[in-house]
Number of protein chains: 2
Amino acid sequence: MSSTMRDVARLAGVSVKTVSNVVNHFPHVSPTTRTKVLTAIDQLGYQMNHAARSLSLGRTGMLALAVPELRLPYFSELSDEVIAAAQDRGYTVLIEQTGGVRERELEVLASERRRMTDGLIFSPVALRAGDAPLLEVSFPMVLLGERSLHSRVPHVAMANVAGARAATEHLLATGRRRIALIGSFDAEGVGAGSLRTQGFLDALAAAGLEHDPARTGSGVEWNRATGAAAMRQVLSRGVEIDAVLALNDVLALGAMRELFEHGLSVPQDVAVVGFDDIEESRFSRPSLTTVEPGRPQIARTAVEMLVERLTAGESAAQGPGQEVVAEFRLEVRESTALPTPAR
Amino acid sequence: MSSTMRDVARLAGVSVKTVSNVVNHFPHVSPTTRTKVLTAIDQLGYQMNHAARSLSLGRTGMLALAVPELRLPYFSELSDEVIAAAQDRGYTVLIEQTGGVRERELEVLASERRRMTDGLIFSPVALRAGDAPLLEVSFPMVLLGERSLHSRVPHVAMANVAGARAATEHLLATGRRRIALIGSFDAEGVGAGSLRTQGFLDALAAAGLEHDPARTGSGVEWNRATGAAAMRQVLSRGVEIDAVLALNDVLALGAMRELFEHGLSVPQDVAVVGFDDIEESRFSRPSLTTVEPGRPQIARTAVEMLVERLTAGESAAQGPGQEVVAEFRLEVRESTALPTPAR
DNA sequence: TTGTATGCGTTATCAT
DNA sequence: ATGATAACGCATACAA
């Protein structure tokens with residue numbers, strides 16, 4: 001069915017090498033032979049065998065991207081951006097889902113799919129501090145996340161602490177004092193959850209306030225359902241609140257939904273802030289104030305760093321563990337609007 | 001760096017073929033040699049070279065999934081389900097984005113990535129009726145969409161007409177008569193847009209009603225922003241409406257947002273129905289009545305049909321163009337609740 | 001500028 | 001049950 005270079009060579013009356021030269025845009029080929037080859041290619045409908053090329057070249061032209069769940073808006077939007085950035089560099093992206101489960105995150109590092117890709121962009125969320133040694137892998141990898149977990153692995157971080165702090169300060173600036181914290185994290189974890197919580201507590205402390213644990217709604221999985229459940233948990237305790245800081249946007253959206261069920265209005269009764277700036281947050285009712293963590297920059301930078309390692313050859317095989325922290329921006333929207341003074 | 005089967009064979013004192021037998025779980029290997037080989041593999045940290053295996057086998061173990069945009073919730077949720085179904089069958093999924101642009105949809109069929117995958121699950125949205133011949137490709141493919149476009153290509157369809165009709169009938173049953181249609185489609189297209197619109201018009205006709213074109217809000221791209229814009233368009237015309245049928249959920253969510261901006265309440269003033277049943281629709285405010293098109297079944301069936309073609313060998317290479325239509329279900333939620341009688 | 005020969009790592013065919 | 005050896009299709013020294 002499918003033809004090979006040999007077939008093309010035969011038809012064009014040249015050698016296989018010449019066909020290869022034409023296909024790979026080798027500069028030194030006479031125009032006449034080039035057209036001869038190209039017409040033969042066209043005539044046979046020849047397409048390169050990727051497996052053979054990979055075997056010979058020792059590289060596949062594919063990058064892996066490991067994320068918790070593709071259906072979480074943050075990660076689907078990130079994936080979109082990574083795919084686009086990789087495409088610009090001539091790479092194809094293979095997405096793997098870890099489910100946010102530690103075991104599966106570790107599996108990703110040893111997966112059979114590692115042999116199908118030239119490098120990995122890895123966004124772990126369930127790894128513990130003790131897992132750091134396991135990240136000392138032999139293949140090119142770029143981590144998405146903060147340094148805490150890993151030492152020598154290059155990574156692209158978001159300003160989790162500073163972003164959450166800015167978000168909290170914004171709530172404080174609008175006069176809110178009884179802020180609920182929605183979403184929790186593995187106590188042994190070192191992911192975004194603990195860092196954002198840190199930023200939250202920092203802002204409170206700086207304002208001379210303390211966080212009442214009764215205002216924390218737990219939920220390790222970060223989706224709308226757990227956001228709603230966590231909010232319900234806090235409300236059921238009968239503790240007063242005038243604001244909510246959710247550890248990410250979907251948690252915030254779930255929490256808003258729950259506030260609504262309880263007859264509380266946002267932002268009049270309760271102000272709400274999220275983290276991630278997913279597209280949905282611009283269209284929710286009310287629209288959600290959130291931290292834009294610089295996701296496009298993160299995607300682009302991660303791909304660039306990885307491709308650089310790939311093309312650098314043996315030279316910079318073990319760099320100094322480069323770190324880039326993306327710039328964040330607080331997107332103020334309706335969910336934290338000041339209560340109308342004339343009331 | 002990475003070791004080969006030869007290295008393993010040498011260390012274990014056996015032949016390459018034996019190592020291959022062990023790795024591929026070939027039944028006839030003596031327990032002693034198996035353990036010898038396995039320890040050698042373990043000791044060397046051997047991992048199979050996927051490119052070499054693909055070259056030899058003539059198959060890659062990868063399936064391609066081409067969707068418009070990964071960041072559209074419907075497609076990210078679909079992708080998740082396709083990946084899971086493929087994994088169960090031992091396949092890896094490569095996602096391609098077409099942007100919903102006809103040219104890029106056609107490119108997918110000739111893409112270099114076709115040579116990296118064993119088959120394609122293709123969800124076209126911008127192809128025209130005249131493009132049907134271009135879908136007569138030589139590689140295994142399963143289409144997501146209705147038959148209109150393609151004759152001999154196997155495909156998995158959703159009940160676009162019936163679903164939209166049921167949704168519209170639901171609106172009519174709750175006493176709504178002035179229904180706006182949000183979202184439009186390429187007039188030459190044969191995709192979900194025209195079919196859902198057909199179902200909408202069918203239901204109206206069956207009820208002896210006619211659709212006022214002034215109640216159609218156009219928007220070829222289906223996202224929140226266009227949903228809001230289309231709604232704005234209708235409202236600006238000053239035509240009365242008491243309900244909205246949006247061609248999908250994100251359009252509906254954008255439209256609801258716009259209704260809110262105009263001081264209209266859902267469902268009291270205007271009832272709203274979407275199509276797709278994305279997770280967000282269960283948590284929006286109000287929660288969105290929508291058509292659940294059987295997406296999980298679609299994902300599973302598409303993978304099964306494709307894998308079947310792949311493993312059937314030459315035998316059923318050209319089947320009769322199998323068609324499966326998934327079962328839909330109308331999810332009634334708050335956005336179409338009956339106005340409280342006591343008003 | 002173009003052709004020849006060899007290797008990439010695995011599977012498959014045939015022996016034994 | 002296991003081993004030797006030839007494909008698989010392409011890239012690349014090296015030669016011409």
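- The backbone N or O of A52(A) lies less than 3.5 Å from no partner atom in the side chain of S56(A), so there is not a single donor-acceptor pair.
- Every residue meeting the side-chain contact (heavy atoms from CB on, under 4.5 Å) condition with L11(A), not counting sequence neighbours, appears here in chain and number order: A40(A), Q43(A), L44(A).
- No more than 12 heavy atoms of other residues, nucleotides or ligands shown are found within 6.0 angstrom of CD on E221(A).
- DNA chain D is contacted by V29(B), S30(B), T33(B) of residues 29-36 of chain B, taking any non-hydrogen atom closer than 4.0 Å.
- Partners of A66(A) under the side-chain contact (heavy atoms from CB on, under 4.5 Å) rule, at least two apart in sequence or in another chain, are E96(A), T98(A), V108(A), L120(A), F122(A).
- Side-chain contact check for S76(A) and S79(A): no donor-acceptor pair (N or O, by modelled atom type) lies under 3.5 Å.
- One interatomic measurement links the two molecules: CG of D7(B) to C1' of dG9(C), which rounds to 10 Å at whole-angstrom precision.
- Scanning for side-chain contact (heavy atoms from CB on, under 4.5 Å) contacts around A299(A) gives L78(A), E81(A), V82(A), with sequence neighbours left out.
- Applying the salt bridge (charged side-chain N to carboxylate O under 4.0 Å, His left out) test to pairs two or more places apart or on separate chains, those with a residue in residues 3-15 of chain A are D7(A)-R10(A).
- A salt bridge (charged side-chain N to carboxylate O under 4.0 Å, His left out) check over residues 298-307 of chain B, counting only residues at least two apart or in different chains, returns the pairs R89(B)-E304(B).
- Note that the two end axes of the helix from dT1(C)-dA16(D) to dT16(C)-dA1(D) enclose an angle of 30°, each drawn from 5 base pairs, rounded to 10 degrees.
- Partners of H28(A) according to the ring-ring contact (aromatic ring centres under 6.0 Å, His included) rule, which considers only residues two or more places apart in sequence or in another chain, are F26(A).
- A 4.0 Å heavy-atom criterion places the boundary nucleotides of DNA chain D facing chain A at dG9(D) to dA13(D), written 5' to 3'.
- Closest approach of F75(B) to E69(B), counting heavy atoms only: CB-O, 3.4 Å.
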Scan nucleotides 10-16 of chain C nucleotide by nucleotide, 5' to 3', and note B when protein non-hydrogen atoms come under 4.0 Å of the base, S if they reach only the sugar-phosphate, - if neither.
BBBB---
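- Among pairs with a residue in residues 16-32 of chain B, none fulfils salt bridge (charged side-chain N to carboxylate O under 4.0 Å, His left out), at least two apart in sequence or across chains.
- Residue contacts for V14(B): at a heavy-atom cut-off of 4.0 Å it reaches the sugar-phosphate backbone alone, with no base atom in range.
- Under a 3.5 Å cut-off, the side chain of R59(A) and the backbone N or O of D118(A) do not form any donor-acceptor pair.
- Evaluation of the side-chain contact (heavy atoms from CB on, under 4.5 Å) rule for R53(B) yields N24(B), M48(B), L57(B) as partners, not counting sequence neighbours.
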